[in-house]
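Heads up: the structure comes next, in structure tokens.
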Amino acid sequence: MPQFSHLHVHTQYSLLDGAANIKSLAKKAKADGMPALAITDHGNMFGAFEFYQAVTKEGLKPIIGCEFYMVADRHIKSFSGGQKDRRFHQLLLAQNQQGYQN
């Protein structure tokens, strides 16, 4: 059977979108035989250190990422009339330390 790892996971740090506890996620991933697990919370990386510790404790490879919002002009703060607040989600995963720092 091929191995599978979730690469798009929201935790309790994805406000109003995720409710998964990081330690529980790591334990479940190990129980399901996954070799790795990613964290990709919406617009923040508050859980990265907790995630790294919990996943490595379970013997899994941690993949640190984030689901960022992309916009045409980040300086526009309000919209009116026919203007739309168009945002696009972009999932970024760090391959190594340099990628994490970027």
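FYI, side chains are in, hydrogens and waters are out, and symmetry mates aren't considered; it's all heavy atoms of this structure.
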### Message
Would you say Ile64 ends up clustered with Phe46 if hydrophobic residues are merged whenever their side chains have heavy atoms under 4.5 Å apart, either directly or through other cluster members?
### Response
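Yes; tracing contacts between hydrophobic side chains, which count when under 4.5 Å, links both residues.
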### Task
Report yes if the side chains of Ile39 and Asp41 come closer than 4.5 Å at any heavy-atom pair, otherwise no.
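Touching, per the 4.5 Å side-chain cut-off.
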### Message
Is any side-chain heavy atom of Gln90 closer than 4.5 Å to one of Leu92?
### Response
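Side chain of Leu92 against side chain of Gln90, heavy atoms only: contact under 4.5 Å found.
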### Query
Quick one: side chain to side chain donor-acceptor pair (under 3.5 Å) partners of His8, sequence neighbours excluded?
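Scan of His8 (side chain to side chain donor-acceptor pair (under 3.5 Å), adjacent residues dropped) gives His10, Glu67.
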### Message
Does anything in residues 87-102 form a salt bridge (Lys or Arg N to Asp or Glu O under 4.0 Å)? List the pairs, not counting sequence neighbours.
### Response
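Residue pairs with at least one partner in residues 87-102: Asp85-Arg87.
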### Query
Aromatic ring centroids of His89 and Phe68 under 6.0 Å?
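Here the rings of Phe68 and His89 have centres that are no less than 6.0 Å from each other.
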Side-chain polar contacts of residues 17-37 - donor-acceptor pairs under 3.5 angstrom, sequence neighbours left out - could you list them?
from  : atom 1 : to    : atom 2 : distance (Å)
Asp17 : OD2    : His42 : NE2    : 2.7
Asn21 : OD1    : Lys23 : N      : 3.0
Asn21 : OD1    : Ser24 : N      : 3.1
Lys28 : NZ     : Asp32 : OD1    : 3.1
Lys28 : NZ     : Asp32 : OD2    : 3.4

Listed pairs under 3.5 Å, donor-acceptor, residues 47-54 side chains, sequence neighbours left out:
from  : atom 1 : to    : atom 2 : distance (Å)
Glu50 : OE1    : Tyr13 : OH     : 2.8

### Query
Looking at Leu7 and Leu93, what are the two nearest heavy atoms and their distance?
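Heavy atoms only, the tightest pair is O-CD2, 4.0 Å.
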### Query
Which residues, ordered by chain and number, are linked to Met70 in its hydrophobic cluster, where ILVMFWY side chains connect at heavy-atom gaps below 4.5 Å, directly or through other members?
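So far as hydrophobic clustering goes, Met70 is joined with Phe88.
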### Query
Could you give the distance from CG (Leu91) to SG (Cys66), rounded to the nearest 0.5 Å?
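One finds 8.5 Å between CG of Leu91 and SG of Cys66.
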Would you be so kind as to tabulate the donor-acceptor pairs closer than 3.5 Å made by side chains of residues 94-102, with sequence neighbours excluded?
from   : atom 1 : to    : atom 2 : distance (Å)
Asn96  : OD1    : Gln98 : N      : 3.2
Asn96  : OD1    : Gly99 : N      : 2.9
Asn102 : ND2    : Gln98 : O      : 3.4

### Task
Answer yes or no: is there a donor N or O on one side and an acceptor on the other, between the side chain of Thr40 and the main chain of Val9, under 3.5 Å?
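Judged by distance alone, yes, a pair lies under 3.5 Å.
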